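Below: one structure, written as structure tokens.
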Number of protein chains: 2
Amino acid sequence: MSAADRQTQSNRALRALRDRIFDGTITGGERLFEVALSETLGLSRTPLREAMARLEQEGLVERAESGGYVVRSFSFADVVDAIELRGVLEGTAARLAAERGASAAKLNEIKVILADLDEVVPADPARLRFERYVDLNAAFHDRLAALSGSTVIRRELDRATGLPFASPSAFLEAQERMPAFRRSLGAAQAQHRAIVEAIERRQSARAEALAREHAQLARLNLEYILTEDRSLMAGVPGLALIKIA
Amino acid sequence: MSAADRQTQSNRALRALRDRIFDGTITGGERLFEVALSETLGLSRTPLREAMARLEQEGLVERAESGGYVVRSFSFADVVDAIELRGVLEGTAARLAAERGASAAKLNEIKVILADLDEVVPADPARLRFERYVDLNAAFHDRLAALSGSTVIRRELDRATGLPFASPSAFLEAQERMPAFRRSLGAAQAQHRAIVEAIERRQSARAEALAREHAQLARLNLEYILTEDRSLMAGVPGLALIKIA
DNA sequence: GTTTGGCAGAATGTATACATTGATCGGAGG
DNA sequence: CCTCCGATCAATGTATACATTCTGCCAAAC
């Protein structure tokens, strides 16, 4: 059992706090009072502080000037920048994979995911297959990070996608309920294929540009949600953190 | 007084641990035993754990599978990748500054630094002026990150340059003692100027490419040190963390 | 009316005792 | 002789009491 999954008090505190932040029970700018929270959650302040330190690493809270932690709040510009950042990092992962060469084994692995995605994408957006799409999409982005062969880049990408709205899966649930859903998904899959092809052919600049552009799909989805149908915001994890100016 | 500077036990622990890691007293792969360390440092386990959590954020230590913390060790490839990452992020900061437009005030600020650097660069590399160069160089890179206008990018850049060998100032001390020192410094300053000019002219692709290339100077210095004169390694902060394969 | 001093309370910072988990070593059983 | 079980010890995890610092308020002085 991995250390992060063990049933310790600090893990319970971590999950509880994350949940409360995501679902809006604790809102941006709010301070996390240790005594009050420890009573609410039924544990002592020690594991609570541990959990808050980890939330700081995830970027959900930050240390206040006078001590203690405050829930971060994000603007829409921050979300756009976080998506941009993911694009830049995934682009770098793709470029390095192309420049340095990816092993045949790893390339095959990601191609299998591509083939699986092909099977799912043209299908009806029924719930079951959709969840499979989400899993496969996450797997694709995970393998892409690994293809870089750089633990530094991989770590950084993991961190950057820790903010829920910056994750490659962030807008999928909302996307499912969007009119242009299937077309958009097809375009995304075409980009997936192109990225892998570019890496295989050692076309590093192309691989980087494609991966960057791929992330922009998330920004387009965000803008669609904002301008056309804000009710979809509920389907995007962590968008409750956004402070509407 | 900023929260990070207050004379608390955990700040003392943080500094003490950082020092011991940087100077090689605690070496890569070594485990940090709480009881032993708390006795050595003369404080209790609670602020020590706090300090270790913050060191994890800085990337100097990581959580072990079975609990506790272990000092990370880095390969030369990791250092190269960390430099690459800084280049990518500074490139992104420069590109965004160009695309979105930087305020005249901020542009003026960084131009003042450029002018100050111009005064220092052609001078003799005597100790006093050299320290001034280090400060100005750090200030330049700091302002460049700010020019992006993105707190997301700024944060990420701060994080990425937290690893001492990835900092823009990492190789300056070693550089001072290198034969090609002054020539290299002149080239760096020319790049500084070009980056700002590109941003001002809204040449985003040029700004990005230049900032990336600028970071590669650090990689060249690293390779020089490795192949030509390893005694210079002592002058690069944090290079003690590198595990020589 | 404004400012300043200090007091009260509530919050975080710290130490420490206790609980629990994980690893190592030795002995008994196969 | 090897294996497996259990005991023991040492490490981290947790609770809690105490120390310190911060904040907000009130009153007194100017």
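Here is the naming used below: chain letters follow the sequence lines, and residue numbers restart at 1 for every chain. Heavy atoms only: backbone and side chains are in, while hydrogens, waters and symmetry mates are out. Only a predicted model underlies this, so the values are computations on that prediction, with no experimental measurement involved.
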How far does [atom1] of [X] sit from [atom2] of [Y], to the nearest 0.5 angstrom?
X	Y	atom1	atom2	result
Asp135(B)	Asp142(B)	CG	CG	12.0 Å
Leu222(A)	Phe171(A)	CG	CZ	4.5 Å
Arg155(A)	Asp81(B)	CZ	CG	13.0 Å

Worksheet entry | Partners passing side chain to side chain contact (heavy atoms under 4.5 Å, CB included) against Arg45(B) (at least two apart in sequence or in another chain) |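 Checked Arg45(B) against side chain to side chain contact (heavy atoms under 4.5 Å, CB included); matches are Glu34(B), Val35(B), Ser38(B), Arg49(B).
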Item to complete: Tell me, please, which residues at least two apart from Glu56(A) pass side chain to side chain contact (heavy atoms under 4.5 Å, CB included).
Response: Val61(A), Arg63(A), Tyr69(A), Gln57(B)
Rounded distance in Å - [atom1] ([X]) to [atom2] ([N]):
X	N	atom1	atom2	value
Arg31(B)	dA11(D)	CZ	C1'	7 Å
Gln9(B)	dT20(D)	CD	P	11 Å
Glu39(B)	dA10(D)	CD	P	12 Å
Phe33(B)	dC9(D)	CZ	P	18 Å

Worksheet item: Is any side-chain heavy atom of Val88(A) less than 4.5 Å from a side-chain heavy atom of Glu156(B)?
Response: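 No. Closest side-chain heavy atoms not under 4.5 Å.
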Fill in: Segment of DNA chain C, first to last nucleotide, that comes within the 4.0 Å heavy-atom reach of chain A
dA11(C) to dG22(C)
Discussion item. Mind checking if Leu37(A) touches a base, just sugar-phosphate, or nothing, with heavy atoms under 4.0 Å?
Written reply: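 Leu37(A): no heavy atom of the nucleic acid under 4.0 Å.
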Worksheet item: If you look at every strand shown and take non-hydrogen atoms under 4.0 Å, does Leu32(B) touch a base, only sugar-phosphate, or nothing?
Response: sugar-phosphate
Worksheet entry | 5'-most by nearest nucleotide on DNA chain D - Thr46(B) or Gly68(B) | Gly68(B)
